Asker: 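Sharing a structure here in structure tokens format.
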2 protein chains.
Amino acid sequence: MSRRPTLSDVAREAGVSVSTASLAFSGAGPIAEQTRERVHAAAATLGYAGPNALGRQLRSGRHGIVGVVIGDKVKRSFRDPVSIQMLDGLVSTLSELRLGVMLIPGMESDEKGAMKVDPLLETSGMDVAVLIWGAHVDDPRLEVLRRRSIPVVIGEGNAAPGCSLVAIDDRGGFAELAEHLYGLGHRRVANVTLPFRMGRKAGWIENPRDEEIDWTPTRNRLEALEESRLEVVATYETPASLVESGADAARLILDPARWPDPAKRPTAIVAQSDLLAAGVVLAAREMGLRVPEDVSVVGFDGVDLPWLGTDSLTTVTQPLEAKGEALGHAVDALLQGRGVTEVVLPVELRVGTTTGPPPAL
Amino acid sequence: MSRRPTLSDVAREAGVSVSTASLAFSGAGPIAEQTRERVHAAAATLGYAGPNALGRQLRSGRHGIVGVVIGDKVKRSFRDPVSIQMLDGLVSTLSELRLGVMLIPGMESDEKGAMKVDPLLETSGMDVAVLIWGAHVDDPRLEVLRRRSIPVVIGEGNAAPGCSLVAIDDRGGFAELAEHLYGLGHRRVANVTLPFRMGRKAGWIENPRDEEIDWTPTRNRLEALEESRLEVVATYETPASLVESGADAARLILDPARWPDPAKRPTAIVAQSDLLAAGVVLAAREMGLRVPEDVSVVGFDGVDLPWLGTDSLTTVTQPLEAKGEALGHAVDALLQGRGVTEVVLPVELRVGTTTGPPPAL
DNA sequence: CTGTTAGCGCATTCAT
DNA sequence: ATGAATGCGCTAACAG
């Protein structure tokens with residue numbers, strides 16, 4: 001027999017019924033030790049490697065797979081250590097629940113620029129989907145998932161009806177960051193933001209209040225800063241949380257030509273992520289400015305930036321692995337029928353070496 | 001009816017047989033346009049979202065899943081852009097083949113330090129497994145996969161019997177790198193290597209030839225350097241391809257106290273990866289040395305290091321995405337029954353700003 | 001403790 | 001062009 005042996009082959013070889021053989025592997029019922037051994041022996045002689053996953057899955061109605069929608073190409077999504085650490089927590093947690101993580105790029109813009117949902121999301125089998133970077137309004141991915149009745153956990157995004165949510169207190173974090181700067185004596189700051197929504201280009205934002213901000217972290221962090229005691233004298237939107245983008249923004253913001261009146265120039269730059277902030281620091285140095293003597297810089301996330309050398313960013317740390325674990329627990333709750341859950345995780349201000357009092361005029 | 005509708009529900013609603021309804025969705029047979037529409041209409045009224053993946057999978061014997069074994073925790077594996085870019089090519093290629101990628105951490109050392117294969121690898125359903133960072137001798141993961149008769153594609157590792165392989169010409173690349181340095185006038189170099197095998201600590205290697213090197217990239221690159229016209233005056237093994245590890249190594253290598261006779265000190269540092277090389281550059285600067293005036297540095301991989309500023313590493317670029325695609329094609333070949341394949345991808349020397357003539361004595 | 005029976009949802013024969 | 005029948009591999013009820 002050249003085909004892969006099945007449970008019934010093993011049962012026949014061991015001289016027992018299929019259901020008994022099944023019990024010998026699953027242990028989900030009473031079985032004589034002797035019988036069990038006989039079945040395993042038969043399995044060994046036949047080279048049977050245990051119950052076939054497909055059969056078990058069909059029977060149980062479970063795929064054992066959680067689709068993780070990263071929302072972009074892998075290399076773009078995972079250039080950011082934030083995603084990776086979160087994914088780490090998620091994978092570990094789900095692995096213990098015997099659930100595998102399937103990566104789904106999520107959405108691609110085709111030639112005409114139209115958004116196309118990844119075919120994997122349309123057809124591939126999964127028990128739950130996790131949108132780690134949230135959903136936007138009228139998100140076509142959410143529609144697909146709803147049509148397929150696949151329950152959804154959203155990380156760090158707009159709460160969507162019927163979806164579980166794991167968020168962080170980024171408003172609170174940004175408020176603390178602002179207070180820290182205010183306390184040091186800063187009054188005027190520039191803001192380097194994350195993208196407002198999908199497919200944005202870099203550029204100045206004249207009036208942030210007039211913009212439609214589809215991406216929750218961006219909106220929360222921006223609003224928290226606007227509501228602080230600091231005056232935001234310039235806002236620059238970046239297309240992605242990348243060092244280069246932060247550096248580009250800083251080069252423009254710190255250009256002396258932009259501030260004919262030194263009394264109006266910002267004394268600190270608030271970046272919405274650590275990668276952006278790192279770019280700001282590098283660009284500032286490149287321009288001959290000292291951080292924090294000439295300009296203070298703050299970020300958000302609390303990721304390790306080993307190449308920043310001896311500096312450490314003043315930032316707000318978010319519990320990335322815990323966020324991944326929380327996503328995993330939300331998945332579990334859904335699968336256990338415990339329904340939709342919502343969690344907001346705390347963040348913490350971490351003062352580093354990139355902030356200090358503003359320079360004297 | 002509160003349970004999810006099945007194909008037979010749709011068939012009944014449309015007044016056709018199940019097999020006809022199946023054809024209406026798969027298109028794998030002749031069907032009247034009218035009937036097809038009727039079935040789809042019935043599906044719409046019932047809220048049927050297309051054939052259930054589980055049923056189809058059991059029928060076809062295919063999971064539609066490729067297990068990608070990353071060999072460590074996600075955050076450690078993916079701190080390296082090399083893995084990520086490769087994964088990107090792999091995911092894109094497989095996505096077009098309607099195959100999902102399941103992430104498998106692979107192996108963990110338990111409390112006692114014993115290696116334990118990830119349970120997902122033991123039980124989770126997958127059509128093919130990809131070991132992106134190769135296999136070692138007597139790799140327990142390979143044993144598990146062989147027992148389960150899951151075909152295997154190995155990236156960048158030792159060829160294992162019965163497994164497909166996608167490798168790069170890193171020997172050739174390192175030979176070119178060495179020639180480049182030799183041509184500039186260098187004679188003595190220090191070598192900062194990748195780990196020799198799993199679970200290694202950082203440290204000097206007295207005699208590399210005496211060491212058992214379980215990891216192919218490390219071995220290839222090391223041997224190619226040893227076989228070059230350069231004299232390797234010091235070899236330092238790092239525990240991982242990280243900026244910090246490179247910096248640690250460089251601090252020791254460049255310590256003047258180590259080289260009482262300046263005629264013997266290395267004039268260039270050869271790192272086995274770009275991340276290591278970047279760490280070397282940063283540490284050298286920190287120690288007040290100019291690169292390349294005081295010491296030349298080369299790396300390997302050709303990844304983007306935006307935070308290196310205006311410098312660009314002299315390195316060998318490997319086609320990372322193409323490697324991922326090649327892994328995907330190897331998977332496809334296996335699935336199509338085209339059998340085991342082996343590919344070696346070319347690499348290319350890219351001269352940057354971190355190499356120059358050695359300093360005059 | 002073990003065997004019998006009955007599906008899980010679907011795609012594929014083979015008839016008609 | 002459509003329908004009836006079969007089985008992919010397994011597990012859960014139930015009967016013994």
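Chain naming here is simple, since letters A, B, ... match the order of the sequence lines and numbering starts at 1 in each. Given the structure is predicted, the values throughout are model-derived calculations rather than measurements.
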Asker: Shorter than 3.5 Å, N or O on both sides, protein versus nucleotides 7-11 of chain D: list them out with atom names.
Answerer:
{"unit_1": "D:dG7", "atom_1": "N2", "unit_2": "B:Arg59", "atom_2": "NE", "d": "2.8"}
{"unit_1": "D:dG9", "atom_1": "N2", "unit_2": "A:Gly55", "atom_2": "O", "d": "3.4"}
{"unit_1": "D:dC10", "atom_1": "OP1", "unit_2": "A:Tyr48", "atom_2": "OH", "d": "2.5"}
{"unit_1": "D:dC10", "atom_1": "OP1", "unit_2": "A:Asn52", "atom_2": "N", "d": "2.6"}
{"unit_1": "D:dC10", "atom_1": "OP2", "unit_2": "A:Leu7", "atom_2": "N", "d": "2.4"}
{"unit_1": "D:dT11", "atom_1": "OP2", "unit_2": "A:Ser22", "atom_2": "OG", "d": "2.7"}
{"unit_1": "D:dT11", "atom_1": "O2", "unit_2": "A:Arg59", "atom_2": "NH1", "d": "2.2"}

Asker: Check whether the side chains of A:Ser22 and A:Ser19 place a donor and an acceptor atom closer than 3.5 Å, and report yes or no.
Answerer: no
Asker: Listed by chain and number, what are the side-chain hydrogen bond (donor to acceptor under 3.5 Å, both in side chains) partners of A:Thr216, not counting sequence neighbours?
Answerer: A:Asn158
Asker: Test B:Val68 against every option in B:Leu87, B:Ile104, B:Val331 by the side-chain contact (heavy atoms from CB on, under 4.5 Å) rule and name the one that passes.
Answerer: B:Leu87
Asker: Roughly how far, to the nearest 0.5 Å, is the CG atom of A:Leu54 from the NE2 atom of B:His63?
Answerer: 3.5 Å
Asker: Picking from A:Leu121, A:Val130, A:Leu103, what satisfies side-chain contact (heavy atoms from CB on, under 4.5 Å) with A:Val69?
Answerer: A:Leu121
Asker: May I ask you to test the A:Tyr48-A:Val39 pair for a side-chain heavy-atom distance under 4.5 Å?
Answerer: no
Asker: Between A:Ser92 and A:Ser95, does any side-chain donor sit less than 3.5 Å from a side-chain acceptor?
Answerer: no
Asker: Please report how far the helix from C:dC1-D:dG16 to C:dT16-D:dA1 bends, comparing the axis fitted to its first five pairs with the axis fitted to its last five, to the nearest 10 degrees.
Answerer: 40°
Asker: Where does the chain A footprint on DNA chain C start and end, counting 5' to 3' with a 4.0 Å heavy-atom cut-off?
Answerer: C:dC1 to C:dG9
Asker: Decide yes or no for A:Arg147 and A:Glu122: does some side-chain heavy atom of the first lie under 4.5 Å from some side-chain heavy atom of the second?
Answerer: yes
Asker: Check whether the side chains of B:Trp133 and B:Ser83 place a donor and an acceptor atom closer than 3.5 Å, and report yes or no.
Answerer: yes
Asker: Got a sec, which residues hit side-chain hydrogen bond (donor to acceptor under 3.5 Å, both in side chains) with B:Glu13, two or more places apart in sequence or on another chain?
Answerer: none
Asker: Report yes or no: does B:Ser164 contribute a side-chain atom to a donor-acceptor pair with the main-chain N or O of B:Ala330 at less than 3.5 Å?
Answerer: no
Asker: Please step through side chain to side chain contact (heavy atoms under 4.5 Å, CB included) for the pair A:Asp118 and A:Arg141, ending with a clear verdict.
Answerer: CA-CA 9 Å; A:Asp118 193 297; A:Arg141 300 168 303 183; over 6 Å; no
Asker: For nucleotides 14-16 of chain D, list the nitrogen or oxygen atoms of the protein found under 3.5 Å from its nitrogen or oxygen atoms, one pair per line.
Answerer:
none

